[in-house]
Amino acid sequence: FASAVAAVLVAFSSSTTDMAAFADLNKYEAETRGEFGIGSAAQFGSADLKKAVHVNENFRRANFTSADMRESDFSGSYFNGAYLEKAVAYKANFTGADLSDTLMDRMVLNEANLTNAVLVRSVLTRSDLGGAKIEGADFSDAVIDLTQKQALCKYANGTNPTTGVSTRKSLGCGNSKRNAYGSPSSPLLSAPPQRFLDRDGFCDSATGLCDAS
């Protein structure tokens, strides 16, 4: 009987220790915004964040889908890999923020402040950046609709202090080939059009045109 009681006490002690360890781990993950610091546990989907202030915070891989971020201040914050599709960020401040590798599809960024922001490899398809401040922003390898890119190129200027890349160069402004064929947001327009083959697969090697007959 004594040995059975001892076994139960040992098991209970072990269980209590495990629970304490899990509590410490959960606390650590919450503080670092994600398991082992590789992701954010923050969930702001459809959240009301109007005029909120979140300066120099870590939102890596956070979810801001359809969030209302109008006139909020996220300057200097880290959004790497975050989801911001369909979020409304009218006049939001992203000065110096890291928005690289973010999904910003169909996002409203009218008059948003993207000064010195890093948007490398971000996806901005069907997003509205009308009137956005982009001085010093780095859009290298970002996916932007051609018409939006052309609008931004009309006033793009500055160099990103973090990456050292000029805003105009990151957008491909002045590059006739890229301007002619679009951006990665339109795969069929991102390179010279493929030759159209006729039924037998014969084309004019000089012009790329095919004989319909």
Side-chain angles (χ1 to χ4, degrees), residues 40 44-45 49 59-194:
S40 174
F44 298 103
L49 299 171
F59 294 111
R60 185 178 186 186
R61 298 187 183 179
N63 175 30
F64 289 89
T65 302
S66 300
D68 189 344
M69 307 164 75
R70 284 177 287 181
E71 301 182 77
S72 295
D73 187 359
F74 289 94
S75 55
S77 290
Y78 188 69
F79 288 88
N80 183 266
Y83 299 90
L84 295 117
E85 63 267 40
K86 295 190 286 185
V88 178
Y90 169 74
K91 283 190 174 181
N93 184 8
F94 293 101
T95 299
D98 184 346
L99 292 155
S100 56
D101 297 296
T102 54
L103 180 57
M104 305 168 77
D105 178 69
R106 291 167 287 175
M107 189 174 178
V108 177
L109 288 159
N110 297 86
E111 300 183 43
N113 191 344
L114 296 169
T115 302
N116 296 331
V118 178
L119 297 102
V120 176
R121 297 178 301 276
S122 59
V123 177
L124 288 151
T125 47
R126 292 178 287 177
S127 290
D128 190 347
L129 288 89
K133 298 177 182 178
I134 60 169
E135 182 176 0
D138 185 352
F139 292 92
S140 297
D141 298 315
V143 181
I144 307 174
D145 294 322
L146 177 59
T147 53
Q148 184 67 85
K149 184 184 76 169
Q150 291 173 333
L152 295 175
C153 282
K154 291 180 180 178
Y155 64 95
N157 66 95
T159 299
N160 188 274
T162 302
T163 64
V165 177
S166 76
T167 301
R168 292 188 61 80
K169 183 177 180 180
S170 70
L171 284 167
C173 303
N175 186 325
S176 59
K177 183 175 181 180
R178 290 184 64 177
N179 283 337
Y181 295 115
S183 69
S185 61
S186 300
L188 295 178
L189 298 177
S190 61
Q194 298 294 316

K.L.:
Sub-3.5 Å donor-acceptor pair from the side chain of Ser140 to the main-chain atoms of Ser170, do we have one?
P.N.:
no

K.L.:
State, to 0.1 Å, how close Lys149 and Leu171 come at their nearest heavy-atom pair, and which atoms those are.
P.N.:
CD-O, 2.9 Å

K.L.:
Could you note down all residue pairs passing salt bridge (Lys or Arg N to Asp or Glu O under 4.0 Å) where residues 114-134 supplies at least one of them, sequence neighbours left out?
P.N.:
Asp101-Arg121, Asp105-Arg126

K.L.:
How close do Ala137 and Thr167 get, heavy atom to heavy atom, and via which atoms?
P.N.:
O-OG1, 2.8 Å

K.L.:
Parallel, tilted or perpendicular: which fits the ring planes of Phe44 and Phe64, with parallel below 30° and perpendicular above 60°?
P.N.:
parallel

K.L.:
For Val123, which residues count as a side chain to side chain contact (heavy atoms under 4.5 Å, CB included) partner, sequence neighbours excluded?
P.N.:
Leu103, Thr125, Val143

K.L.:
May I have all residue pairs that pass ring pair (Phe, Tyr, Trp, His ring centres under 6.0 Å) and include part of residues 110-155, sequence neighbours excluded?
P.N.:
none

K.L.:
Quick one: pull up CZ in Phe79 and CZ in Phe74 and give me the separation to the nearest 0.5 Å.
P.N.:
5.0 Å

K.L.:
Between Ser100 and Asn80, which heavy-atom pair has the shortest distance, and what is it?
P.N.:
OG-ND2, 2.9 Å

K.L.:
Could you walk me through whether Leu99 and Leu114 satisfy the side chain to side chain contact (heavy atoms under 4.5 Å, CB included) test, starting with their C-alpha distance in whole Å, then the side-chain angles of each, then the deciding distance to 0.1 Å, before giving a yes or no?
P.N.:
CA-CA 10 Å; Leu99 292 155; Leu114 296 169; 4.0 Å; yes

K.L.:
Under the rule for side-chain hydrogen bond (donor to acceptor under 3.5 Å, both in side chains), what residues qualify as partners of Thr115, not counting sequence neighbours?
P.N.:
Asn113

K.L.:
Find out whether Thr162 and Asp98 are in side-chain contact, i.e. whether some heavy atom of one side chain is under 4.5 Å from a heavy atom of the other.
P.N.:
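Not touching, per the 4.5 Å side-chain cut-off.
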
K.L.:
Roughly how far, to the nearest 0.5 Å, is CD1 of Ile134 from SG of Cys153?
P.N.:
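Reported to 0.5 Å precision, the distance equals 7.5 Å.
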
K.L.:
Kindly list each side-chain donor-acceptor pair under 3.5 angstrom involving residues 81-94, sequence neighbours excluded, with atom names and distances?
P.N.:
unit_1: Asn93; atom_1: OD1; unit_2: Thr95; atom_2: N; d: 3.0
unit_1: Asn93; atom_1: OD1; unit_2: Thr95; atom_2: OG1; d: 2.6
unit_1: Asn93; atom_1: ND2; unit_2: Asp73; atom_2: OD1; d: 3.3

K.L.:
Rounded to the nearest 0.5 Å, how far apart are CD1 of Ile144 and CD of Gln150?
P.N.:
11.5 Å

K.L.:
Quick one: side chain to side chain contact (heavy atoms under 4.5 Å, CB included) partners of Thr163, sequence neighbours excluded?
P.N.:
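Thr163 satisfies side chain to side chain contact (heavy atoms under 4.5 Å, CB included) with Val118, Asp138, Asn160, Val165 once adjacent residues are dropped.
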
K.L.:
Let me confirm one number: the OG1-CE distance from Thr102 to Met107, rounded to the nearest 0.5 Å.
P.N.:
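Rounded to the nearest 0.5 Å, the OG1-CE separation comes out at 8.0 Å.
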
K.L.:
Which atom names give the shortest non-hydrogen contact between Ser122 and Met104, and what distance separates them?
P.N.:
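What the structure gives for the nearest pair is CB-SD, 4.1 Å.
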
K.L.:
Return the CD to CD distance between Glu71 and Glu111, rounded to the nearest 0.5 Å.
P.N.:
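Atom-to-atom, Glu71:CD and Glu111:CD are 9.5 Å apart.
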
